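What follows is a short report on a single structure.
Because the structure is predicted, anything quoted here is derived from the model rather than measured. First the proteins, then the strands, lettered A, B, ... as listed; each starts at 1.
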2 protein chains.
Amino acid sequence: MTVHAPRRPRPEGPPAGGDTRGALPTVDGAREAMGTRGDAPAEGPYPGSGEDRVPRHGEDVAVGRVTLQTVADHVGVSRMTVSNAFSRPDQLSSELREKILAAADELGYVGPDPAGRALARGATGAIGVLLTKSVRHAFTDPIAAEFFGAVAESLAPTGMAVALLPSGLSTERIPARDIPIDGALIYACAGDSEALSWLRKRRLPLVYVDQAPEGEASSVLLDDRGGARAAARHLVELGHRKVGLIAIDWYGPHGLIADPTVRGTNYVANERVAGWLEGLGGVEVVAVQAQSNAERDAYEGAQLLLDTEDPPTAVLCFSDLMAWGVVHAAHDLGLRVPEDLSVVGFDDSALARSVRPALTTVHQDLVAKGHLAAQLLVSEIARVRAGEPVEARHELLPLQLVVRRSTGPAPA
Amino acid sequence: MTVHAPRRPRPEGPPAGGDTRGALPTVDGAREAMGTRGDAPAEGPYPGSGEDRVPRHGEDVAVGRVTLQTVADHVGVSRMTVSNAFSRPDQLSSELREKILAAADELGYVGPDPAGRALARGATGAIGVLLTKSVRHAFTDPIAAEFFGAVAESLAPTGMAVALLPSGLSTERIPARDIPIDGALIYACAGDSEALSWLRKRRLPLVYVDQAPEGEASSVLLDDRGGARAAARHLVELGHRKVGLIAIDWYGPHGLIADPTVRGTNYVANERVAGWLEGLGGVEVVAVQAQSNAERDAYEGAQLLLDTEDPPTAVLCFSDLMAWGVVHAAHDLGLRVPEDLSVVGFDDSALARSVRPALTTVHQDLVAKGHLAAQLLVSEIARVRAGEPVEARHELLPLQLVVRRSTGPAPA
DNA sequence: GCCGCCTACTGTATCGGTACAGAATTCTTG
DNA sequence: CAAGAATTCTGTACCGATACAGTAGGCGGC
């Protein structure tokens with residue numbers, strides 16, 4: 001039998017608090033290393049004597065490497081008992097537990113190592129959040145940020161952490177594949193994302209948000225379609241008979257869209273457009289695809305709609321930001337809002353409230369969405385662990401039309 | 001010897017993709033067993049012939065439980081070789097590697113299990129970010145959000161994930177103690193946070209941000225003091241001889257502060273105040289502590305400063321938001337900005353640029369801060385792993401005074 | 001033809017814990 | 001007072017991987 005030196009010396013930081021115990025790394029065929037001697041409790045199968053002594057698990061060969069075994073040896077109990085002292089207090093007398101905890105503290109044992117525990121328990125205590133757009137987007141975009149804030153907040157009491165998984169650029173390390181997590185939230189990612197497919201392969205509990213789920217996963221969706229429909233009906237009720245649509249992620253190049261019923265790849269965009277069309281019924285429609293969800297692009301798109309012989313009397317926009325761009329374009333064309341042109345936004349962001357005229361828009365409860373998504377995932381993870389059958393749940397959150405000052409009766 | 005039933009049945013989702021291979025992994029001289037023997041829970045129809053058979057490591061007992069060993073057995077190579085195929089391609093012929101990868105794919109083996117790998121390698125690939133204020137704050141506050149965005153962005157190419165560690169409310173699970181991470185960023189946390197002390201006990205590489213480091217940890221700080229000093233000098237140069245200060249986290253209750261030199265607990269607030277005082281030299285100072293960093297609270301604080309016999313001719317504010325509140329208060333008191341009152345903000349947020357008058361403020365490069373913090377931590381982690389000595393580094397990022405329209409010469 | 005050096009794999013010993021069945025005692029209880 | 005039930009702790013067998021030493025051929029050099 002060959003004996004190997006202990007690997008991974010674990011380059012230590014400052015030595016454990018004032019603890020200058022033996023050190024002597026005594027590798028290989030070592031005569032005893034400080035802690036456990038041949039007389040350690042229950043050393044039964046070990047003749048203890050001399051040669052060929054492999055440093056056994058708990059032996060504190062490298063200074064500072066304190067594990068359950070270290071503590072166990074120190075107190076004179078089994079490793080299992082120490083584990084119980086930390087993780088299942090009801091399994092031992094509180095007296096012994098105190099003693100163990102004290103010894104642990106003295107030795108500088110922090111508590112069960114998360115990595116070891118994760119392996120043994122099969123759970124890590126973290127859930128992933130998959131982000132396809134730039135990670136930064138999650139923080140920068142107010143809509144996304146609000147959602148994530150709610151998720152994190154709702155997770156905090158459960159003691160779970162949120163791991164942001166960038167859909168890596170590096171080939172070497174792919175967070176979605178390599179980070180230990182118990183489940184994940186898929187947030188508005190293109191379905192073909194490679195990272196997503198890793199998560200699916202891992203067979204982790206997944207909850208899709210703002211995106212149609214694949215496979216048997218659960219989902220939390222906002223009723224974008226219903227909200228859009230309500231917005232459209234609102235215009236119809238106001239008497240508008242020709243309505244413009246301005247959105248993103250349709251198909252083809254940006255500019256005027258021949259057939260607005262053709263669907264693109266963006267789930268949310270598709271739903272909103274579909275809802276608009278449903279709500280508008282037979283009303284005449286002109287549609288424009290903007291280059292991006294930005295005020296400037298919406299401004300340009302609006303020009304295509306409004307700077308014509310027979311412009312629409314109202315415009316439905318993909319976002320408040322875009323609506324704001326449309327309002328600007330209208331003003332610059334000499335149109336008053338809402339007297340000459342009604343404009344409807346989407347999202348009910350802070351902007352919608354603060355600008356003049358305040359925007360009629362569709363409000364979404366991002367906090368509820370975040371809470372719901374988090375809860376769904378957590379309960380699903382719990383269910384899987386308990387061995388209970390999981391069934392995918394699909395939640396649809398209602399949106400609300402908020403009528404403010406940017407819409408009015410169709411001009412005569 | 002007793003036989004234990006396999007624990008943790010790993011409640012399976014849908015069975016592995018159509019693969020119903022007979023399992024017979026025939027490990028060392030054992031007859032094969034497809035399940036375990038009669039002591040398993042919910043045992044029933046187990047034709048298990050022979051005697052006591054302990055399911056050995058690689059045996060594919062539970063359908064869907066595919067590990068390195070499963071693949072190894074399937075291909076007929078050692079487990080180690082499979083591991084190398086995934087993690088160290090240079091260790092085997094590319095021919096064999098292809099074969100292994102194909103088999104793995106067929107068996108539905110996703111790749112090395114992150115938890116197992118984390119334990120064996122001693123690294124998880126995630127870094128933590130400690131948040132003391134509400135987790136939500138990280139997303140809601142634009143300053144924090146911008147910083148985190150930069151951190152995440154800068155980490156993405158390295159393939160590391162960011163784990164948000166709420167400073168838990170639950171006693172049971174404490175993320176800072178229980179989540180597997182390789183290092184952490186401490187972002188503007190009160191020093192007494194319990195979560196922080198766990199991180200320190202774990203002896204993880206830490207980088208403090210916007211907070212004086214404890215122990216031997218590195219830090220990234222903005223030169224708040226220098227920035228504040230520049231802002232104060234600017235006022236002095238404009239001839240102001242009595243200046244108001246409005247900030248938060250001083251000491252005692254909010255309202256007028258008798259001695260502005262007394263320091264509070266908020267590192268950033270302390271530095272800014274100190275910088276102001278340095279820059280103001282002997283100029284007369286009146287100080288107010290606002291209840292929070294909000295426009296409304298600043299508004300009320302400003303009234304205390306301005307609605308007096310002999311008001312200051314300029315006010316230095318802890319943030320742009322507060323400056324905006326001060327501007328409002330001034331207007332409502334009939335004071336013009338900057339003719340009658342100069343106002344200086346801090347942060348150079350979007351607000352400072354968009355309001356009228358545009359605010360003179362102190363610009364900070366949050367993106368640089370994020371990148372730097374991330375890089376510092378990553379390199380420190382790499383150094384520790386490589387066994388190289390780590391030395392704490394302390395970076396101080398300069399701030400820049402941006403003079404806009406809210407400041408002017410002191411009124412005669 | 002013997003030796004040393006590569007290359008490609010394999011064996012063994014961990015990494016640091018947890019689950020579960022036992023075993024040793026003590027406490028009930030009929 | 002003995003059998004049964006609690007209460008405490010211990011032993012064994014993993015969780016799923018990686019590090020490192022070691023070994024078996026193949027091959028060029030002298």
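In terms of phosphate contacts, B:Ser87 brings a side-chain nitrogen or oxygen within less than 4.0 Å of OP1 or OP2 of D:dT18. Between A:Arg65 and C:dG16, a side-chain N or O to OP1/OP2 separation shorter than 4.0 Å is present. For the pair A:Arg121 and C:dG16, the criterion of a side-chain N or O lying under 4.0 Å from OP1 or OP2 is not met. The side chain of A:Arg117 places an N or O atom within less than 4.0 Å of a non-bridging phosphate oxygen (OP1 or OP2) of C:dT18.
Rounded to the nearest 0.5 Å, atoms CD1 (A:Ile127) and CG (A:Leu155) are 4.5 Å apart. Atom CG of B:Leu199 sits about 5.0 Å away from atom CD1 of B:Ile186, to the nearest 0.5 Å.
Stem regions annotated for DNA chain D: C:1-30 with D:1-30, counting only runs of 3 or more consecutive pairs of Watson-Crick or G-U type with both contacts under 3.5 Å.
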What side-chain donor-acceptor pairs closer than 3.5 Å can you find for residues 95-102 of chain B, not counting sequence neighbours?
{"from": "B:Arg97", "atom 1": "NE", "to": "B:Ala85", "atom 2": "O", "distance (Å)": "2.6"}
{"from": "B:Arg97", "atom 1": "NH2", "to": "B:Ala85", "atom 2": "O", "distance (Å)": "3.3"}

For nucleotides 5-9 of chain C, list the nitrogen or oxygen atoms of the protein found under 3.5 Å from its nitrogen or oxygen atoms, one pair per line.
{"from": "C:dC9", "atom 1": "OP1", "to": "B:Ser93", "atom 2": "OG", "distance (Å)": "3.3"}
{"from": "C:dC9", "atom 1": "OP2", "to": "B:Ser93", "atom 2": "N", "distance (Å)": "2.6"}
{"from": "C:dC9", "atom 1": "OP2", "to": "B:Ser93", "atom 2": "OG", "distance (Å)": "3.2"}

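At least one side-chain heavy atom of A:Leu185 sits less than 4.5 Å from a side-chain heavy atom of A:Val207.
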Is there a side-chain contact (heavy atoms from CB on, under 4.5 Å) between A:Thr67 and A:Asp113? Walk through the geometry before answering. CA-CA 8 Å; A:Thr67 74; A:Asp113 178 87; over 6 Å; no

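The nearest whole Å value for the distance from the CD atom in A:Gln69 to the C1' atom in C:dT18 is 14 Å. In this structure, B:Leu68 places its CG atom 15 Å from P of C:dG11, rounding to the nearest Å. Taking atom CD1 on B:Ile100 and atom P on D:dA17, their separation rounds to 14 Å, with Å as the unit. Separating the CG atom of A:Asp178 from the C1' atom of D:dG16 is a distance of 14 Å, rounded to the nearest angstrom. Whole-Å rounding puts the A:Asp113 CG to C:dT14 P distance at 18 Å.
Not a single donor-acceptor pair, N or O on each side, falls under 3.5 Å between the base of D:dG16 and the side chain of B:Arg79.
Judged by closest nucleotide on DNA chain D, B:Gly116 is the one of B:Met80 and B:Gly116 placed further toward the 5' end.
Remark: B:Pro205 engages B:Leu377, B:Glu380, B:Ile381, B:Val384 in a side-chain contact (heavy atoms from CB on, under 4.5 Å) (not counting sequence neighbours). Annotation: side-chain contact (heavy atoms from CB on, under 4.5 Å) contacts of A:Ser379 (sequence neighbours excluded): A:Arg383. For B:Arg177, the side-chain contact (heavy atoms from CB on, under 4.5 Å) partners are B:Ile174, B:Trp198, not counting sequence neighbours.
Within 4.0 Å (heavy atoms only), B:Phe86 reaches no atom of the nucleic acid at all.
Comparing D:dA17, C:dG16, C:dA19 by their nearest atom to the side chain of A:Arg88 picks out C:dA19.
Here the shortest heavy-atom pairing between B:Phe86 and B:Ala104 reads CZ-CB, 3.7 Å.
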